[in-house]
Amino acid sequence: MRRRTRLDVLNDMLVAIQKARGSIKPTHLMYKANLSHKLLSLYLEDLISRDLVTEEQIDEKHKSILITDKGHDFIMQFRKIKEFQDSFGL
Amino acid sequence: MISQLAQVAYVGCIFELIMAFILLLISFNSYSIYKVINENKYKWFALSFFSIALAFVSKLIMNFMIYTNEFREVVSTVVISAFQNTSATYYLGYLVFFSSRILMLVGLTGIFLIITNSKEKKNWILLLYLAILTAYASTKISYIFNITAAVILGLIFLRFYQNYINKPKKGALGVALAFFTICLSYITFIFVSFDYSLFIAGEIIQLMGYLILLVVYLSILRK
């Protein structure tokens with residue numbers, strides 16, 4: 001099977017959040033996006049820094065990941081972005 | 001009666017308008033990707049294409065000036081001397097001519113540095129300095145610009161061809177083919193001093209290259 005690129009992983013994570021009606025627990029996201037705990041933290045940090053998701057504290061122990069409008073936009077544009085990236089080798 | 005130089009300048013204006021438009025489309029697309037995924041390379045890629053688009057806009061202004069100067073009975077086969085009727089138009093012509101060359105070489109160098117994943121700032125500074133120096137030197141010896149552009153475009157083509165080998169997709173092939181064609185046009189421009197009709201051939205080849213790039217862009221949009 002082909003190794004997922006960074007962009008593929010980010011898209012998989014966002015699609016997983018979108019399918020969960022825009023909000024998901026980190027553990028669920030880890031399973032849905034097929035990631036280890038370490039990689040989840042890494043990619044989550046990336047998503048937050050790009051303003052594609054936000055974190056919401058539910059209570060002292062639990063938090064939820066929410067997809068932003070920019071995140072929805074990313075999913076819509078993903079195929080075009082991927083095609084542009086592949087065509088120009090970026 | 002309109003001279004041959006004016007006719008070439010008129011056709012050149014139309015060609016440059018089309019090429020600038022195609023480059024602006026790609027630049028805008030790359031910038032919109034940057035806005036979504038916040039990766040700096042897309043911003044620099046957009047700016048590089050924008051720089052080349054501006055180079056064509058400068059060339060368009062230059063051709064327009066030659067075209068309008070022709071109606072004032074200023075006839076010359078050498079582009080830069082077509083502006084020598086008054087000092088003001090000469091300096092304006094020189095400025096537009098020089099900026100078109102700088103913008104083109106800076107844009108091409110930018111594309112080369114981005115697609116080769118060059119993150120070393122020193123490489124950027126050195127290559128951009130050399131691009132500006134070449135643009136300056138080429139105002140005296142014209143073929144230096146065409147040779148330099150052909151070399152950079154050749155290297156860009158090789159990188160895009162490598163990308164096609166790694167990911168055999170139509171889009172990647174299209175981009176490689178487009179840059180090969182554009183490279184070919186600059187090779188043609190090198191020999192313009194021997195035969196002026198090669199200039200028209202070069203312009204047509206260059207337009208074909210950018211039209212291939214437009215086809216790739218439209219296929220990306222359809223996804």
Side-chain angles (χ1 to χ4, degrees), chain A residues 1-19 22-24 29 32-35 39-55 65-90, chain B residues 25-46 48-49 110-118 155-179 212-223:
Chain A
M1 201 180 138
R2 191 177 61 89
R3 196 169 164 263
R4 286 189 295 177
T5 64
R6 189 176 194 87
L7 212 62
D8 290 325
V9 177
L10 296 183
N11 183 59
D12 289 348
M13 289 172 79
L14 289 168
V15 169
I17 305 169
Q18 195 182 47
K19 279 183 180 170
S23 172
I24 198 168
L29 182 59
K32 297 269 184 196
N34 217 359
L35 292 167
L39 282 177
L40 177 81
S41 309
L42 202 75
Y43 285 119
L44 205 52
E45 213 173 279
D46 196 356
L47 284 174
I48 293 166
S49 71
R50 292 167 197 255
D51 296 324
L52 297 170
V53 298
T54 54
E55 273 185 327
I65 316 292
L66 305 170
I67 189 165
T68 61
D69 288 343
K70 208 174 161 187
H72 286 294
D73 196 30
F74 180 96
I75 295 168
M76 297 246 295
Q77 305 263 335
F78 177 71
R79 288 184 72 178
K80 282 178 197 166
I81 293 170
K82 187 89 182 127
E83 193 63 27
F84 188 86
Q85 194 184 49
D86 288 347
S87 296
F88 287 94
L90 293 169
Chain B
L25 283 177
I26 295 167
S27 172
F28 178 75
N29 197 42
S30 186
Y31 191 74
S32 64
I33 292 174
Y34 162 72
K35 291 297 269 179
V36 176
I37 64 174
N38 275 0
E39 271 186 34
N40 277 334
K41 67 177 171 186
Y42 289 96
K43 181 175 73 180
W44 294 115
F45 200 64
S48 298
F49 273 90
I111 292 174
F112 173 73
L113 287 165
I114 294 157
I115 60 171
T116 51
N117 285 323
S118 183
L155 293 170
I156 292 173
F157 157 69
L158 287 176
R159 179 66 186 80
F160 282 142
Y161 183 69
Q162 190 61 46
N163 176 51
Y164 168 67
I165 298 295
N166 295 338
K167 285 176 193 161
K169 285 188 171 185
K170 275 184 188 172
L173 178 66
V175 171
L177 197 66
F179 276 87
I212 297 170
L213 218 49
L214 178 68
V215 171
V216 174
Y217 173 78
L218 292 175
S219 74
I220 292 170
L221 279 193
R222 275 203 296 267
K223 295 283 167 187

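So that the names make sense, note that chain A is the first sequence line, chain B the second, and so on, each numbered from 1.
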Value rounded to 0.5 Å, distance of NZ in B:Lys167 from OG in A:Ser87: 9.5 Å
Which portion of B:Arg222 sits near chain A, non-hydrogen atoms under 4.5 angstrom: neither
Contacting region of A:Leu52 [heavy-atom separation from chain B under 4.5 Å]: side chain
Contact origin within B:Tyr217 toward chain A - heavy atom pairs under 4.5 Å: neither
Closest approach of B:Leu221 to A:Lys80 (non-hydrogen atoms, all atoms of both residues): O-CE, 3.4 Å
Gap separating the CD1 atom of B:Ile33 from the CZ atom of A:Phe74, nearest 0.5 angstrom: 10.0 Å
Inter-residue atom distance A:Phe88.CZ - B:Leu213.CG, 0.5 Å rounding: 5.0 Å
Whether A:Phe84 and B:Phe45 hold their rings parallel, tilted or perpendicular, with breakpoints at 30° and 60°: perpendicular
Under 4.5 Å from any heavy atom of chain B - which part of A:Leu7: side chain
Flag, side chain of A:Lys70 to backbone of B:Lys35, donor-acceptor distance under 3.5 Å: yes
Pairwise distance CD(A:Gln85) to CD1(B:Ile220) - rounded to 0.5 angstrom: 11.0 Å
Exercise: identify the closest heavy-atom pair between B:Asn163 and A:Asp86: ND2-O, 2.9 Å
More than 12 heavy atoms from other groups under 6.0 Å of OH on A:Tyr43: yes
